[in-house]
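Everything numeric here is computed off the predicted structure, so don't read it as measured data. All values below were derived from every heavy atom in this structure, side-chain atoms included, with hydrogens, water molecules and symmetry-related copies excluded.
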Amino acid sequence: ISYLLRNGANPNALDKQGTPLCTHLLLRTSRDSLRSLAELCRYKLDLTVTVPDSAQTLLEFARSSTALPEMLTVLEDYAR
(Lines give C-alpha, C1' and ligand atoms only; values in the text may rest on other atoms or scores of the structure.)
Protein backbone atom coordinates (compact mmCIF):
# COMPACT_ATOMS: atom_id res chain seq x y z
CA ILE A 1 0.00 0.00 0.00
CA SER A 2 2.85 2.38 0.75
CA TYR A 3 4.18 2.06 -2.78
CA LEU A 4 0.76 2.68 -4.29
CA LEU A 5 0.11 5.73 -2.13
CA ARG A 6 3.52 7.22 -2.89
CA ASN A 7 2.69 6.86 -6.56
CA GLY A 8 -0.67 8.59 -6.44
CA ALA A 9 -3.22 6.00 -5.32
CA ASN A 10 -6.30 7.43 -3.66
CA PRO A 11 -6.41 6.60 0.09
CA ASN A 12 -10.19 7.05 -0.09
CA ALA A 13 -10.85 4.64 -2.95
CA LEU A 14 -14.18 2.82 -3.00
CA ASP A 15 -14.98 -0.69 -4.17
CA LYS A 16 -17.72 -1.42 -6.73
CA GLN A 17 -20.40 -1.26 -4.04
CA GLY A 18 -19.20 2.16 -2.88
CA THR A 19 -17.58 0.85 0.30
CA PRO A 20 -14.28 2.46 1.32
CA LEU A 21 -11.54 -0.08 0.66
CA CYS A 22 -10.00 0.58 4.05
CA THR A 23 -13.03 -1.00 5.77
CA HIS A 24 -11.62 -4.36 4.71
CA LEU A 25 -8.47 -3.58 6.71
CA LEU A 26 -10.56 -2.80 9.78
CA LEU A 27 -11.98 -6.32 9.78
CA ARG A 28 -8.56 -7.99 9.84
CA THR A 29 -6.31 -8.65 12.82
CA SER A 30 -2.90 -8.63 11.19
CA ARG A 31 -0.16 -6.16 12.06
CA ASP A 32 0.27 -5.57 8.32
CA SER A 33 -3.30 -4.27 8.19
CA LEU A 34 -2.54 -2.00 11.13
CA ARG A 35 0.51 -0.58 9.34
CA SER A 36 -1.48 -0.13 6.14
CA LEU A 37 -4.21 1.74 7.99
CA ALA A 38 -1.65 4.07 9.58
CA GLU A 39 -0.19 4.69 6.13
CA LEU A 40 -3.63 5.56 4.74
CA CYS A 41 -4.01 8.11 7.54
CA ARG A 42 -0.72 9.71 6.57
CA TYR A 43 -2.17 10.20 3.09
CA LYS A 44 -5.34 11.90 4.38
CA LEU A 45 -7.87 9.12 4.82
CA ASP A 46 -11.39 10.62 5.01
CA LEU A 47 -13.02 9.44 8.24
CA THR A 48 -16.32 11.18 7.41
CA VAL A 49 -17.15 9.05 4.36
CA THR A 50 -20.22 6.82 4.83
CA VAL A 51 -19.89 3.04 4.86
CA PRO A 52 -22.96 2.06 2.78
CA ASP A 53 -24.02 -1.18 4.47
CA SER A 54 -23.90 0.38 7.92
CA ALA A 55 -24.91 4.00 7.18
CA GLN A 56 -22.10 5.01 9.58
CA THR A 57 -19.12 7.22 8.97
CA LEU A 58 -15.84 5.38 8.61
CA LEU A 59 -14.85 6.36 12.16
CA GLU A 60 -18.20 5.18 13.58
CA PHE A 61 -17.86 1.92 11.65
CA ALA A 62 -14.38 1.45 13.11
CA ARG A 63 -15.70 2.01 16.62
CA SER A 64 -18.29 -0.74 16.19
CA SER A 65 -16.47 -3.21 13.94
CA THR A 66 -12.69 -3.01 14.27
CA ALA A 67 -11.14 -6.41 14.86
CA LEU A 68 -7.89 -5.05 16.28
CA PRO A 69 -8.27 -2.41 19.04
CA GLU A 70 -5.02 -0.71 18.02
CA MET A 71 -6.64 0.22 14.70
CA LEU A 72 -9.26 2.28 16.49
CA THR A 73 -6.49 4.01 18.44
CA VAL A 74 -4.73 4.91 15.16
CA LEU A 75 -7.94 6.34 13.71
CA GLU A 76 -8.94 8.28 16.81
CA ASP A 77 -5.46 9.77 17.13
CA TYR A 78 -5.65 10.74 13.45
CA ALA A 79 -9.11 12.29 13.94
CA ARG A 80 -7.76 14.69 16.57
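Pairs passing the salt bridge (Lys or Arg N to Asp or Glu O under 4.0 Å) check and including a residue from residues 12-23, sequence neighbours excluded, do not occur. Sorted by first then second residue, the salt bridge (Lys or Arg N to Asp or Glu O under 4.0 Å) pairs that include residues 61-80, not counting sequence neighbours, are Arg31-Glu70, Arg63-Glu76, Asp77-Arg80.
Grouping Ile, Leu, Val, Met, Phe, Trp and Tyr residues whose side-chain heavy atoms lie under 4.5 Å apart, directly or via other members, leaves Leu14 alone, with no other cluster members. Cluster partners of Leu21, using a side-chain heavy-atom cutoff of under 4.5 Å among ILVMFWY residues and allowing indirect links: none.
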- prompt: Going through the checks in order, is the side chain to side chain contact (heavy atoms under 4.5 Å, CB included) test met by Leu40 and Leu25?
  reply: CA-CA 11 Å; Leu40 288 168; Leu25 292 174; 3.6 Å; yes

message: Quick one, Tyr78 with Arg42, criterion side chain to side chain contact (heavy atoms under 4.5 Å, CB included). Give me CA distance, side-chain angles, the key distance, then yes/no.
response: CA-CA 9 Å; Tyr78 171 65; Arg42 282 192 284 280; over 6 Å; no

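Ser65 contributes no side-chain N or O that, together with a main-chain N or O of Ala62, makes up a donor-acceptor pair within less than 3.5 Å.
With sequence neighbours left out, the side chain to side chain contact (heavy atoms under 4.5 Å, CB included) criterion links Ser64 to Gln56. Evaluation of the side chain to side chain contact (heavy atoms under 4.5 Å, CB included) rule for Asp32 yields Ser30, Arg35 as partners, not counting sequence neighbours. Taking Thr66 as the reference, nothing meets the side-chain hydrogen bond (donor to acceptor under 3.5 Å, both in side chains) condition, with sequence neighbours excluded. Thr29 meets the side chain to side chain contact (heavy atoms under 4.5 Å, CB included) test with Ala67; sequence neighbours excluded. Here Asp46 pairs with Thr48 under the side-chain hydrogen bond (donor to acceptor under 3.5 Å, both in side chains) rule; sequence neighbours left out. Every residue two or more places apart in sequence or in another chain was checked for a side chain to side chain contact (heavy atoms under 4.5 Å, CB included) with Thr50, and none qualifies.
Here the rule is side chain to side chain contact (heavy atoms under 4.5 Å, CB included) with Leu59, and of Leu75, Val49, Val51 only Leu75 fits it.
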